[in-house]
Asker: 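Would you mind keeping the following structure in view while I ask a few things?
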2 protein chains.
Amino acid sequence: MLRVSKLTDYATAVMAALADAPARVHSAQELAERVRLELPTVSKLLKQLAHAGLVDSFRGVNGGYRLARASERISVADIVTAMEGPIGMTECSAQSGLCGLEPHCGVRVNWQRINQAIAEALAGVSLADMLKPSRRRGAIPIHVAPSL
Amino acid sequence: MLRVSKLTDYATAVMAALADAPARVHSAQELAERVRLELPTVSKLLKQLAHAGLVDSFRGVNGGYRLARASERISVADIVTAMEGPIGMTECSAQSGLCGLEPHCGVRVNWQRINQAIAEALAGVSLADMLKPSRRRGAIPIHVAPSL
DNA sequence: ATAAATCAGTACTATTTCGGTACCATATCG
DNA sequence: CGATATGGTACCGAAATAGTACTGATTTAT
């Protein structure tokens with residue numbers, strides 16, 4: 001299906017909730033209620049997001065999470081990468097020397113370019129964009145790397 | 001990691017091998033040797049590709065597989081879809097009414113647009129393109145749907 | 001100082017998906 | 001009819017995923 005994991009999906013929803021009031025600190029509990037997910041689940045993914053530097057965390061009473069930077073400066077690619085690691089459509093496009101077919105298949109290089117096109121597509125959409133209901137006119141141009 | 005499955009990856013390699021001699025009929029055995037994979041695996045994915053109409057199959061002695069149409073008219077999206085089903089980054093972007101968060105998360109519509117951008121990126125690269133070592137200059141422009 | 005609230009880290013388990021294999025049926029050619 | 005191939009189905013083991021639980025650390029408030 002070519003999909004991101006559920007956790008990643010949830011993460012975008014949680015990040016969107018944070019972006020709604022970027023100045024405030026939100027507890028994991030509050031966010032869980034907001035997006036209708038279990039607290040442990042939300043807590044888990046917030047830790048990952050904090051580890052990746054996308055959110056700041058605060059301990060103790062009245063602690064919680066806050067966006068580490070403006071929603072315009074956080075891309076969907078950032079969130080996906082934080083949750084799933086480096087974006088790579090195939091084994092060999094993320095890291096070479098693994099599939100053993102490399103000398104014979106000949107399609108590796110081109111997969112890498114497709115990869116890059118998709119990574120750029122994800123990088124080109126910010127968290128702020130995700131909050132816009134369905135507004136902006138005019139396509140965002142995305143390019144696959146030269147020489148495909 | 002946001003990746004296609006290994007089978008899909010293998011499928012592109014097998015399709016590339018077929019595209020190398022599009023007029024001939026290749027047995028599963030021959031293709032398996034060519035791409036250095038086990039016969040049952042190659043056989044399995046060829047069945048799927050045949051079912052999706054991307055290759056024609058011929059039974060009996062001297063039977064085998066052949067590209068159903070010119071490699072220029074087979075896209076990477078075709079192969080991915082044949083192997084993995086409809087392209088959809090999230091549950092809800094492939095099919096609504098499943099995640100229960102839809103009324104609250106607000107990011108669903110935008111995921112759908114990202115989806116579409118990626119689907120178009122994959123659709124814009126043909127099997128013939130995949131065979132080119134690393135040649136063509138000039139980016140292929142891809143657009144996310146209007147109103148993101 | 002103590003208790004409460006909240007995040008941090010680790011570990012565990014159940015479920016699902018994926019990759020791979022086996023088997024038998026069916027079709028074609030000689 | 002027999003050899004060669006694909007078609008279809010079913011199965012199994014391994015890995016990834018999702019979710020849960022528990023314990024520790026930190027901060028605030030009283």
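Letters A, B, ... are given to chains in the order of the sequence lines, protein chains preceding strands, and every chain is numbered from 1.
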Asker: From CD of A/Glu30 over to P of C/dC7, roughly how many Å is that when rounded to an integer?
Answerer: 10 Å
Asker: Go through D/dT17, D/dT27, D/dT28 for me and flag the one nearest to the A/Ser5 side chain.
Answerer: D/dT17
Asker: Mind checking B/Asn62 for me? I need base, sugar-phosphate or nothing, with any heavy atom below 4.0 Å counting as a touch.
Answerer: nothing
Asker: Tell me whether the side-chain N/O atoms of B/Ser57 come closer than 4.0 Å to OP1 or OP2 in D/dA5.
Answerer: no
Asker: For A/Leu46 and C/dG9, what is the distance between atoms CG and P respectively, to the nearest whole Å?
Answerer: 13 Å
Asker: Classify A/Ala50 by what it touches in the nucleic acid, base, sugar-phosphate, or nothing, heavy-atom distance under 4.0 Å.
Answerer: nothing
Asker: With respect to the side chain of B/Lys44, which nucleotide from C/dG19, D/dT6, D/dT20 is positioned closest?
Answerer: C/dG19
Asker: I'd like to know if A/Asp129 and B/Arg113 make a salt bridge, using a cut-off of under 4.0 Å between side-chain N and carboxylate O.
Answerer: no
Asker: Under 3.5 Å, side chain of A/Thr81 to main-chain N/O of A/Asp78, donor-acceptor pair present?
Answerer: no
Asker: Choosing from D/dG19, D/dT4, D/dT6, which nucleotide comes nearest the side chain of B/Tyr65?
Answerer: D/dT6
Asker: Which nucleotide, C/dC7, D/dG8, C/dG20, lies nearest any side-chain atom of A/Arg59?
Answerer: C/dC7
Asker: Atom CD of A/Gln48 to atom C1' of C/dT10: distance rounded to whole Å?
Answerer: 14 Å
Asker: Roughly how many Å is it from CG in A/Leu39 to P in D/dT20, rounded to a whole number?
Answerer: 10 Å
Asker: Please confirm whether the shortest side-chain N or O distance from B/Tyr10 to OP1 or OP2 of C/dG19 is below 4.0 Å.
Answerer: no
Asker: Which part of the nucleic acid does A/Gly60 contact within heavy-atom distance under 4.0 Å: base, sugar-phosphate only, or nothing?
Answerer: base
Asker: Could you tell me the separation between the CZ atom of B/Arg24 and the P atom of D/dA5, rounded to a whole number of Å?
Answerer: 13 Å
Asker: Nearest-Å distance, NZ (B/Lys6) to C1' (D/dA14)?
Answerer: 11 Å
Asker: Using the side-chain heavy atoms of A/Val61, tell me which of these nucleotides is nearest: D/dT4, D/dT28, C/dC7.
Answerer: D/dT28
Asker: Send over the distance from B/Phe58 CZ to D/dA5 C1', rounded to a whole Å.
Answerer: 13 Å
Asker: Got a donor-acceptor contact below 3.5 angstrom from the A/Glu84 side chain to the A/Ser5 backbone?
Answerer: yes
Asker: For the CZ atom on B/Arg24, are there more than 12 heavy atoms of other groups (residues, nucleotides or ligands in this structure) within a distance under 6.0 Å?
Answerer: yes
Asker: Find out whether A/Leu18 and A/Leu49 are in side-chain contact, i.e. whether some heavy atom of one side chain is under 4.5 Å from a heavy atom of the other.
Answerer: no
Asker: Is A/Leu7 touching bases, backbone alone, or none of the nucleic acid, heavy atoms closer than 4.0 Å?
Answerer: sugar-phosphate
Asker: What is the nucleic acid contact for B/Gln29, judged by heavy atoms within less than 4.0 Å: base, sugar-phosphate only, or nothing?
Answerer: nothing
Asker: Could you check which of D/dT9, D/dT4, C/dT6 has an atom nearest any side-chain atom of A/Ser27?
Answerer: C/dT6
Asker: Does CZ in B/Arg69 sit with more than 12 non-hydrogen atoms of other residues, nucleotides or ligands closer than 6.0 Å?
Answerer: yes
Asker: Among C/dC7, C/dA8, D/dG19, which nucleotide sits nearest the side chain of A/Lys47?
Answerer: C/dA8
Asker: Given atom NE2 of B/His51 and atom P of D/dT9, what is their separation to the nearest angstrom?
Answerer: 9 Å
